[in-house]
Amino acid sequence: MPLEFKLNPSAQRKNTIDFLKAGLYKVSPLGYYGEFGGAFIPEMLYPNVEELAEKYLDIIQDDGFQKEFQSLLHDYVGRPTPLYPAKRLSEKYKAHIYLKREDLNHTGAHKINNTVGQILLAKRLGKTRIIAETGAGQHGVATATVCALMNLPCVVYMGEVDMQRQAPNVARMRMLGAEVRPAMSGSKTLKDATNEAIRDWINNPSDTHYIIGSVVGPYPYPDMVARFQSVISEEMRKQLIEKEGNELPDYVIACVGGGSNAAGSFYHFLNNDEVKLIAVEAAGEGVASGHTAATTVVGKIGIIHGSKTMLMQTEDGQIEEAYSISAGLDYPGVGPLHAHLFKTGRAQYLNATDEEALQAALELTRLEGIIPALESAHALAKLKDIAFKPDDVVVVCLSGRGDKDMETYIKRLEI
Amino acid sequence: MNRINHLFQQKGKDILNIYYTAGFPQLNDTLTILENLQQSGADMVEIGIPFSDSLADGPVIQESNQQALKNGMSLHLLFHQLKDFRNVIHIPVILMGSLNPVLQFGMENFLIACKNTGVDGVILPDLPVSEYENNYRQIFESAGVHCIFLITPETSEERLQKIDDLSTGFIYAVSSSSTTGKEKDIQKQSAYFQRLGNEKLKNPVLVGFGIKDKNTFEAACQYTNGAVIGTAFIKALQAAGDIENNIHQFVNGII
Ligand SMILES: Cc1ncc(COP(=O)(O)O)c(C=O)c1O
């Protein structure tokens with residue numbers, strides 16, 4: 001099936017403002033990418049989600065919004081992030097390997113691109129209270145950060161299990177003034193934190209904006225978050241012209257939890273079929289082990305968090321618990337755009353085990369002096385599996401830094 | 001005639017509809033509870049299809065879902081338990097649950113199974129009205145199974161009219177935006193019930209979410225056709241003592 005979405009003819013533009021305006025990837029009026037997406041929400045959420053769907057494009061395409069968004073990305077987040085030519089990594093894998101340094105963003109991951117966008121949107125919607133879910137804690141920290149900046153109260157739901165795994169991020173959120181509420185239901189990880197955030201929103205529909213952390217959830221979230229994250233690939237194109245004289249690489253590689261750093265990394269290449277897009281899911285202990293988060297391998301189409309997409313579920317349609325060593329990747333679904341890219345074959349979905357990710361993290365640390373987040377290490381882990389040609393230009397999205405994972409690295413790598 | 005329509009024709013007022021979760025507290029309680037509800041005078045029953053991640057439910061119903069799943073409940077098993085229930089049950093029975101288990105079962109298979117066992121209606125809170133209209137309306141209608149939609153105080157007038165047009169059984173009014181089992185201000189609820197009473201809808205209205213005892217039930221019945229009780233009944237099922245006794249006591253405390 002060909003990609004349904006066509007490049008807007010006016011898309012040859014030079015900055016985010018114009019890219020956002022161009023709206024490269026048209027999602028259908030009911031929020032579908034092919035057969036995936038939609039807004040499967042109870043009536044209680046309908047007014048909120050409808051308000052968002054009706055207003056989000058007008059708001060984010062507004063010049064005043066864009067001005068504020070761009071200046072915060074530049075002055076506060078520290079964008080553009082470098083596109084670093086990784087010399088020793090390139091020597092090892094015999095290709096031109098670049099790292100898109102999202103780890104150098106304020107708060108240490110790509111997540112803040114989205115939270116800056118959504119907090120500005122929430123203010124324009126007149127919302128006075130912010131809620132969010134978090135897995136690794138990176139999105140929670142990024143949300144708590146922009147709430148401190150904008151002086152808005154913030155409640156972050158986090159699985160009880162994840163609160164233990166990612167204790168430093170819990171402390172950061174609290175220091176930033178956010179209330180961290182443990183999600184105690186189900187598997188006590190990201191999917192349960194997301195359930196709790198949605199339930200909070202149902203109970204507080206008028207004053208609260210829910211800042212979802214990935215390209216998941218009911219329409220318009222998947223499209224909105226992809227637009228905010230698309231700054232990643234927009235910068236890649238410009239930086240590749242400077243570095244390689246060609247804005248199109250041969251490969252873009254990114255890890256996928258819900259899929260926001262991958263969606264942002266792929267966004268402006270989606271219509272350039274010559275660019276191979278590689279998404280890397282967490283295999284956990286192996287795709288057949290029963291302890292995995294490789295949704296496109298073991299999942300089926302269904303409904304999770306208001307979206308029709310690929311998800312891990314039982315025969316009976318119960319959502320299964322995902323497992324990965326990395327708390328940011330153990331989500332039992334993928335965003336609907338990814339389900340569509342998978343189904344159409346526009347992107348290729350690979351996976352990396354816990355062990356491969358750990359080794360890739362150590363390798364990057366020793367070759368380039370960069371300690372990556374465990375999530376990002378899954379993307380790096382696939383460099384060894386792809387047969388590059390010596391001239392291939394390869395961009396890996398280094399979605400975050402490894403500070404939050406030190407405890408795991410110390411334990412598992414016996415450092 | 002569908003039993004739901006028949007009930008509203010026979011008894012337009014003070015309809016008591018009780019919700020409980022299939023396979024809870026014990027796997028094989030589903031039918032026992034249904035029989036006791038009918039005996040004790042409930043007008044209609046909603047049986048919950050357990051789901052791991054129900055978004056619209058508060059902690060009490062969530063936990064009953066988890067327990068039911070732990071007990072081994074599934075949609076296949078539920079239809080098996082309901083195979084011959086029409087030999088003893090004459091009141092309307094509705095299945096309520098999240099969309100995903102139904103989609104995995106297959107919407108068409110699900111509706112055929114509803115029809116064959118004698119289930120009169122279905123509530124799928126996360127099935128959007130537009131999806132129903134575009135993709136499922138016909139198979140519901142040909143199975144003769146009602147799709148029941150939720151409304152809230154924030155549902156716009158235009159949307160309310162559309163839901164009224166699409167509805168064939170009754171409309172399920174949630175008294176304020178919330179998950180199930182929240183404490184609510186009865187005064188504020190009453191104003192909404194009154195507003196609904198004045199809407200001149202073609203379908204009857206039952207109120208749910210936050211109805212828990214005689215007081216709240218009567219407040220709801222004053223302006224609408226009746227009410228649904230869920231969380232409070234699940235708590236009664238969990239209480240110490242004989243489950244059949246608890247059911248009769250609970251219903252007798254309401255009507
Ligand atoms: C550093 C990092 N990378 C990736 C992810 C995965 O999320 P997504 O797939 O939305 O990019 C997370 C999530 O917490 C993260 O913290």
Side-chain angles (χ1 to χ4, degrees), chain A residues 28-32 35 37-51 183-187 191-208 217-219 300-309 311-321 332-333, chain B residues 49-59 62-63 65-66 68-69 72-78 97-106 110 123-131 134-135 149-156 159-160 163 171-174 176-182 184 209:
Chain A
S28 80
L30 287 173
Y32 278 88
E35 64 184 294
F40 294 83
I41 45 163
E43 182 66 23
M44 292 78 88
L45 280 181
Y46 188 87
N48 283 22
V49 169
E50 185 188 45
E51 180 188 28
M184 321 264 260
S185 55
S187 56
K191 90 171 163 70
D192 309 285
T194 309
N195 290 341
E196 289 304 326
I198 293 174
R199 290 177 190 130
D200 180 313
W201 207 21
I202 288 174
N203 285 296
N204 300 285
S206 49
D207 64 339
T208 299
Y219 175 75
K300 278 188 312 209
I301 186 168
I303 311 277
I304 182 169
H305 298 136
S307 180
K308 186 181 270 187
T309 186
L311 66 124
M312 293 168 50
Q313 54 184 316
T314 66
E315 286 281 298
D316 188 41
Q318 310 298 333
I319 298 177
E320 288 189 299
E321 294 171 16
Chain B
I49 306 163
F51 183 52
S52 54
D53 293 78
S54 164
L55 297 178
D57 283 314
Q62 270 176 54
E63 275 160 32
N65 277 249
Q66 297 295 346
L69 291 173
M73 200 61 211
S74 70
L75 192 46
H76 281 276
L77 183 56
L78 177 57
S98 298
L99 185 55
N100 196 50
V102 172
L103 287 185
Q104 300 313 314
F105 195 93
F110 173 73
I123 306 176
L124 301 166
D126 57 346
L127 172 66
V129 173
S130 56
E131 293 280 336
N134 298 333
N135 300 322
F149 297 103
L150 271 52
I151 58 170
T152 77
E154 280 84 40
T155 302
S156 69
R159 193 168 162 78
L160 181 59
I163 289 172
I171 294 175
Y172 192 134
V174 176
S176 66
S177 184
S178 76
T179 45
T180 54
K182 279 265 158 180
K184 294 185 176 184
F209 290 39

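Per chain, numbering begins at 1; letters A, B, ... match sequence-line order.
Residue B/F149 does not touch chain A at all, counting heavy-atom pairs closer than 4.5 Å. Neither the backbone nor the side chain of A/E320 comes within less than 4.5 Å of any heavy atom of chain B. For a residue to count as touching a neighbouring chain, one of its non-hydrogen atoms must lie under 4.5 Å from one of that chain's; by this rule B/N65 does not touch chain A. With a 4.5 angstrom heavy-atom cutoff, B/L124 does not touch chain A via any of its atoms. Contacts of B/L150 with chain A are made by both backbone and side-chain atoms, with heavy-atom separations under 4.5 Å. Contact annotation for A/I301: only backbone heavy atoms (N, CA, C, O) come within less than 4.5 Å of a heavy atom of chain B. Neither the backbone nor the side chain of B/F105 comes within less than 4.5 Å of any heavy atom of chain A. For a residue to count as touching a neighbouring chain, one of its non-hydrogen atoms must lie under 4.5 Å from one of that chain's; by this rule B/P59 does not touch chain A. Looking at A/N204, neither its backbone nor its side chain comes within 4.5 Å of chain B, counting heavy atoms on both sides. The part of A/Y46 that comes within reach of chain B is its side chain, from C-beta onward, which places non-hydrogen atoms under 4.5 angstrom from that chain.
Summarising the geometry, atom CD1 belonging to A/I41 is positioned 11.5 Å from atom CG belonging to B/L127; distances are rounded to the nearest 0.5 Å. For the atom pair A/Q318 CD and B/S98 OG, the distance stands at 9.0 Å (nearest 0.5 Å). Considering OG of B/S177 and CG of A/L45, their distance stands at 6.5 Å, rounded to 0.5 Å. With rounding to the nearest 0.5 angstrom, the CD1 atom of A/I202 is 6.5 Å from the OG1 atom of B/T179. The CD atom of B/Q62 lies 5.5 Å from the CD atom of A/E196; values are rounded to the nearest 0.5 Å. Rounded to the nearest 0.5 Å, atoms CG (B/L103) and NZ (A/K300) are 11.5 Å apart.
Across every non-hydrogen atom of A/F40 and B/L99, the tightest pair is CD2-CD2, 3.4 Å. The heavy-atom pair separating A/I319 from B/S52 by the smallest distance is N-OG, 2.9 Å. Between B/L55 and A/N195, the shortest heavy-atom contact is CD2-OD1, 3.3 Å.
Not one N or O on the side chain of B/E154 forms a donor-acceptor pair closer than 3.5 Å with the backbone of A/E43. Between the B/T152 side chain and the A/M44 main chain, no donor and acceptor come within less than 3.5 Å of each other.
For A/E315, the CD atom sits in a loose shell: 12 or fewer heavy atoms of surrounding residues, nucleotides or ligands are nearer than 6.0 Å.
Here B/E131 is the residue among B/E131, B/Q66, B/H76 with the most heavy-atom pairs under 4.5 Å with chain A. Between chain A and the options B/D57, B/V174, B/D126, the largest number of non-hydrogen pairs under 4.5 Å is found for B/D126.
With sequence neighbours excluded, no residue satisfies salt bridge (charged side-chain N to carboxylate O under 4.0 Å, His left out) with A/D316.
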